[in-house]
Q: 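Sending over a structure as structure tokens; questions will come in a sec.
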Amino acid sequence: MAVDRSSCYMVRADELFNQVTPDSGGKGASQGMFIGCTVDTATGYINFYCEGKPTKYIYKMEPGTKLFPAVFVEATSKEMLQFELGRTSTTLPLSSAVLLNSGKHLQPQFPPRLKVQYLRPHQWARVPNINLKVHALKLSELRGWSTLCEDSVSMLALHIPEEDRCIDILELIEMDKLLSFHYHTLTLYAALCYQSNFRAAHTLCTYVDQKQLLFAIQADYLSGPLRRGFYDLLIALHMESFATTMEVCKNEFIIPVIPELKELYEDDAMRHSLRSVTTISIRPEMTMTDIDGSVEDLKDLSSPYFPLEIVRDFTMTSISEAVRLNQVHIRDPIGGSNENLFVPLLKLIDKLLMVGIINDEDLDRLLVMIDPQTWDPEKEKSDVFKFQRFPSETEDEEDHRKGLLFMELAEGVKLQLCYLLHHLNDIQLRHRVESIVAFSHDYVGEVQADQLKRYVEIKQSDLPSAIAAKKTREFRCPPIEQTKCILGFKLWEEIDDDNRPCAQELIDQLREYHDGFVEKLSLEAIQDAEQESDESGSGGKLSMITKVIDMLNIVKKLEPPVPPVEVEPPRELTPEEKFRKVLTKTIVRWAEETQFETPLLVKEMFG
């Protein structure tokens, strides 16, 4: 016989109802339910009844036990409960044991009514997750005790002037009105910094300082709206202005022709790299001013100072932890939802990338988190995905972790991921343009040297004046015409080798560079799709549906054909080429999975 001791005897109404009505099929009582409870004071047994029938719930009490009956219910209408001190054929009502004063009156009367006590929420205080580590030491009888606290525990409080009290900001998750008010206040603060309003930004930094922002973005138990509000405020105060400038200047290329440019692109992989943010282009530099108010002229103001390196290190650690935990379904993610977990982190990483705080090492980690199969094929277990295996998880399952592209993400997360991928492609485009300039610098010098050599040979030859004038007509043309003539390789098929205005070595050199460059771009499928669109279209602007259909056709044409047995195996693709194919397949998979509710997401996906 097993004995379980308990401090309360609790039963569920639906379980009682299902015992007395086995054919109910799990449905509740439509016309109400009668539940009874009897106490045998002689034996100490408690019996529960439903609809007048006994149930299996019987409990035995110890002598001297005091009972306090209670009901826990969620109200769905005005009349929910009715308490009756009834009796059965073998029991007396509760009033016969509790209300004994009616027999002392001269005139017979009913016993007084019982008052039902009910609990209601009043006020609560949050217990900190980390307690202070205090060390106490008794120095002597005269000097007394000494206490030492190693690390202080920070908290962020919200002051309510009307009530003259402060509450922990983490408690706002229980107060919907205050939570909404505070979130919209943070949104208003961020809106005040619109269009580089540095004066408002410096003023707001006296209200929401560095310590508050660092605490808010690092708090794991902050509610979702406040989490997004503080992240957006951090971006608006310290990064939005310069990030907007970089976004406007993304298609401007001012490239100094220096030796470092040639050294940077000596490696062919660097020409199309997504793994490096190192460039030679002259770009705007981010400046910050102190918040102490020492700047006198408003023209000298810039974004308020903030330690963005600390933000970068924390954000990379947080996104790595979020990807690691999101391999399986999370019941209670940080922020309360998948969108509140990833959107602030991806948005902050995107802004840090645009302002130039993300370095090559961080970018490599980020790409591994997006698609580990493409960017980390050599390592068996990447550092990004190292964590303790679950008891039911095998080693094979541990080695196949999913990247962000293959997770179940909310639409907001997909949109921020599209923004981030757009800016990564901007870095790749800048590498390509700089590599073309680096190649062109040396190549144009060789072409000019060859042109000078041919000119000297013509001048030193004893050709008739008519033939010499015909051969030197190239050198009398404007520079643009000379360039077209020298580089017009496609028009030289019918010209003799002696009359070509460029050496064969230079022609082969440019063609080799061009073929290798275009091969990495996979332009054949895109050019074919554009030709089909031009033939089928009426010459006007293409609709969004047409662009989506063209994207689907491009993805199908980018699939590598099955090579015959006799043909040599194709060359090994670079990670950038593999990632491009993975990216296009992911976009198509997203489009086929669900119906999007955000038109902007469709625009960014197929942009």
Side-chain angles (χ1 to χ4, degrees), residues 186-205 208 210 213-214 216-217 227-254 274 276-279 281-291 299-316 318-319 342-360 362-363 365-367 370 412-431 600-601 603-604 607:
L186 295 175
T187 306
L188 175 61
Y189 287 170
L192 291 175
C193 305
Y194 184 63
Q195 289 189 347
S196 304
N197 192 348
F198 297 132
R199 184 175 182 180
H202 280 264
T203 304
L204 288 173
C205 286
V208 188
Q210 175 181 325
L213 287 177
L214 287 178
I217 66 175
R227 174 180 170 84
R228 299 183 68 169
F230 276 107
Y231 272 80
D232 292 341
L233 181 60
L234 171 62
I235 294 172
L237 286 175
H238 305 282
M239 288 182 284
E240 187 67 41
S241 175
F242 187 71
T244 304
T245 303
M246 299 298 289
E247 179 73 18
V248 173
C249 301
K250 66 179 182 181
N251 293 326
E252 298 179 2
F253 303 93
I254 305 175
L274 277 173
S276 177
V277 295
T278 304
T279 57
S281 304
I282 299 176
R283 309 190 71 186
E285 295 184 0
M286 186 176 185
T287 58
M288 290 186 174
T289 53
D290 295 332
I291 316 177
K299 296 181 180 179
D300 298 333
L301 275 180
S302 59
S303 299
Y305 172 77
F306 200 86
L308 297 181
E309 289 77 10
I310 298 177
V311 177
R312 176 196 61 195
D313 297 339
F314 167 76
T315 307
M316 294 303 300
S318 298
I319 191 69
F342 281 106
V343 167
L345 293 174
L346 290 175
K347 184 183 294 185
L348 189 55
I349 289 178
D350 185 29
K351 299 301 180 182
L352 291 172
L353 177 66
M354 295 181 66
V355 301
I357 303 299
I358 297 292
N359 53 34
D360 292 351
D362 299 325
L363 186 58
R365 291 178 58 193
L366 181 61
L367 291 173
I370 294 175
V413 184
K414 293 179 181 179
L415 180 60
Q416 291 301 325
L417 195 56
C418 288
Y419 288 145
L420 179 60
L421 293 172
H422 277 307
H423 295 140
L424 289 176
N425 288 329
D426 291 339
I427 295 176
Q428 187 183 44
L429 175 62
R430 188 164 294 273
H431 283 307
L600 184 58
L601 177 58
K603 177 182 177 182
E604 294 297 330

Q: Show the nearest heavy-atom pair for residues A190 and L233, with the distance to one decimal.
A: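 Shortest heavy-atom contact: N-CD1, 3.8 Å.
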
Q: Verify, without hydrogens or angle tests, whether H422 (side chain) and E604 (backbone) share a donor-acceptor contact under 3.5 angstrom.
A: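 Yes; at least one donor-acceptor contact below 3.5 Å.
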
Q: List the residues meeting salt bridge (charged side-chain N to carboxylate O under 4.0 Å, His left out) with E247, not counting sequence neighbours, and say none if there are none.
A: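 So E247 forms a salt bridge (charged side-chain N to carboxylate O under 4.0 Å, His left out) with K250.
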
Q: Any pair with a residue in residues 187-200 that passes side-chain hydrogen bond (donor to acceptor under 3.5 Å, both in side chains), sequence neighbours left out, goes on the list, sorted by first then second residue, please.
A: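 Pairs touching residues 187-200 that pass the test: S196-S241.
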
Q: Could you tell me whether the side chain of H431 reaches within less than 4.5 Å of the side chain of I427, counting heavy atoms only?
A: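 They are in side-chain contact.
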
Q: Under the rule for side chain to side chain contact (heavy atoms under 4.5 Å, CB included), what residues qualify as partners of D313, not counting sequence neighbours?
A: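 Once residues adjacent in sequence are excluded, D313 has no partner under the side chain to side chain contact (heavy atoms under 4.5 Å, CB included) criterion.
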
Q: Counting only N and O atoms by type, is there a donor-acceptor contact under 3.5 Å from the side chain of Y305 to the main-chain atoms of I291?
A: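 Not a single qualifying donor-acceptor pair exists.
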
Q: Which residues pass the side-chain hydrogen bond (donor to acceptor under 3.5 Å, both in side chains) test with H238, not counting sequence neighbours?
A: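 Residues passing side-chain hydrogen bond (donor to acceptor under 3.5 Å, both in side chains) with H238: none at all.
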
Q: May I have the step-by-step check of side chain to side chain contact (heavy atoms under 4.5 Å, CB included) for L366 and L420, ending in yes or no?
A: CA-CA 10 Å; L366 181 61; L420 179 60; 3.9 Å; yes

Q: Does F253 reach the side chain of L429, with side-chain heavy atoms less than 4.5 Å apart?
A: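 SC-SC contact between F253 and L429 confirmed.
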
Q: Answer yes or no: is there a side-chain heavy-atom contact under 4.5 Å between F306 and L214?
A: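 F306 reaches L214 side chain to side chain.
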
Q: Could you tell me if the side chain of I358 sits less than 4.5 Å from the side chain of R312, heavy atoms only?
A: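 Side chain of R312 against side chain of I358, heavy atoms only: contact under 4.5 Å found.
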
Q: Would you say that S303 contacts M239 through its side chain, given a criterion of any heavy-atom pair below 4.5 Å between the two side chains?
A: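 Counting from C-beta outward, S303 and M239 never come under 4.5 Å.
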
Q: Just to verify, which of N425, L421, L363 counts as forming a side-chain contact (heavy atoms from CB on, under 4.5 Å) with L274?
A: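 Per the side-chain contact (heavy atoms from CB on, under 4.5 Å) rule, the option paired with L274 is N425, out of N425, L421, L363.
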
Q: Side-chain contact test, heavy atoms from C-beta onward, threshold under 4.5 Å: evaluate it for D362 versus I349 and give yes or no.
A: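 No, their side chains stay 4.5 Å or more apart.
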
Q: For L188, enumerate each residue passing the side chain to side chain contact (heavy atoms under 4.5 Å, CB included) test, keeping only those at least two apart in sequence or located in another chain.
A: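 None.
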
Q: Could you check whether any side-chain N or O of D350 sits under 3.5 Å from a backbone N or O of L346, counting only pairs where one atom can act as donor and the other as acceptor?
A: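 It does not hold such a pair.
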
Q: Got N359 and T278 here, is their nearest side-chain heavy-atom distance under 4.5 Å?
A: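 SC-SC contact between N359 and T278 ruled out.
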
Q: Return the set of residues passing salt bridge (charged side-chain N to carboxylate O under 4.0 Å, His left out) with D232 (not counting sequence neighbours), or none when no residue passes.
A: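 For D232 the salt bridge (charged side-chain N to carboxylate O under 4.0 Å, His left out) partners, ignoring immediate neighbours, are K347.
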
Q: Can you list everything that forms a side-chain hydrogen bond (donor to acceptor under 3.5 Å, both in side chains) with S302? Sequence neighbours excluded, please.
A: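 For S302, no residue satisfies side-chain hydrogen bond (donor to acceptor under 3.5 Å, both in side chains) once neighbours in sequence are set aside.
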
Q: Can you name the residues that form a side-chain hydrogen bond (donor to acceptor under 3.5 Å, both in side chains) with S318, not counting sequence neighbours?
A: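 side-chain hydrogen bond (donor to acceptor under 3.5 Å, both in side chains) check on S318 returns nothing, list empty.
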
Q: Which residues pass the side-chain hydrogen bond (donor to acceptor under 3.5 Å, both in side chains) test with T289, sequence neighbours left out?
A: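 In terms of side-chain hydrogen bond (donor to acceptor under 3.5 Å, both in side chains), with neighbours along the sequence ignored, T289 is linked to H202.
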
Q: Could you state the interatomic distance from OH (Y231) to OG1 (T315), rounded to the nearest 0.5 Å?
A: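 Y231 atom OH to T315 atom OG1 measures 6.0 Å (nearest 0.5 Å).
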
Q: Scan L345, L348, V343, L601 and name whichever one has a side-chain contact (heavy atoms from CB on, under 4.5 Å) with Q416.
A: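 It is V343; the other options fail the test.
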
Q: Return the NE2 to CD distance between H423 and Q428, rounded to the nearest 0.5 Å.
A: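 Here the interatomic distance stands at 14.5 Å.
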
Q: To the nearest 0.5 Å, how far apart are CE in M288 and CZ in F198?
A: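 One gets 10.0 Å once the value is rounded to the nearest 0.5 Å.
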
Q: Evaluate the side chain to side chain contact (heavy atoms under 4.5 Å, CB included) criterion for residues L213 and L237: first the C-alpha distance (whole Å), next the side-chain angles of each, then the deciding distance (0.1 Å), finally the verdict.
A: CA-CA 11 Å; L213 287 177; L237 286 175; 4.2 Å; yes

Q: Excluding sequence neighbours, so at least two apart, what forms side chain to side chain contact (heavy atoms under 4.5 Å, CB included) with E240?
A: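 E240 satisfies side chain to side chain contact (heavy atoms under 4.5 Å, CB included) with I235, T244, K351 once adjacent residues are dropped.
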
Q: Under the rule for side chain to side chain contact (heavy atoms under 4.5 Å, CB included), what residues qualify as partners of S281, not counting sequence neighbours?
A: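 For S281, the residues satisfying side chain to side chain contact (heavy atoms under 4.5 Å, CB included) (neighbours in sequence not counted) are I255, R283, R430, E434.
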
Q: Does any non-hydrogen side-chain atom of F314 lie less than 4.5 Å from one of I310?
A: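 No; the side chains remain at least 4.5 Å from each other.
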
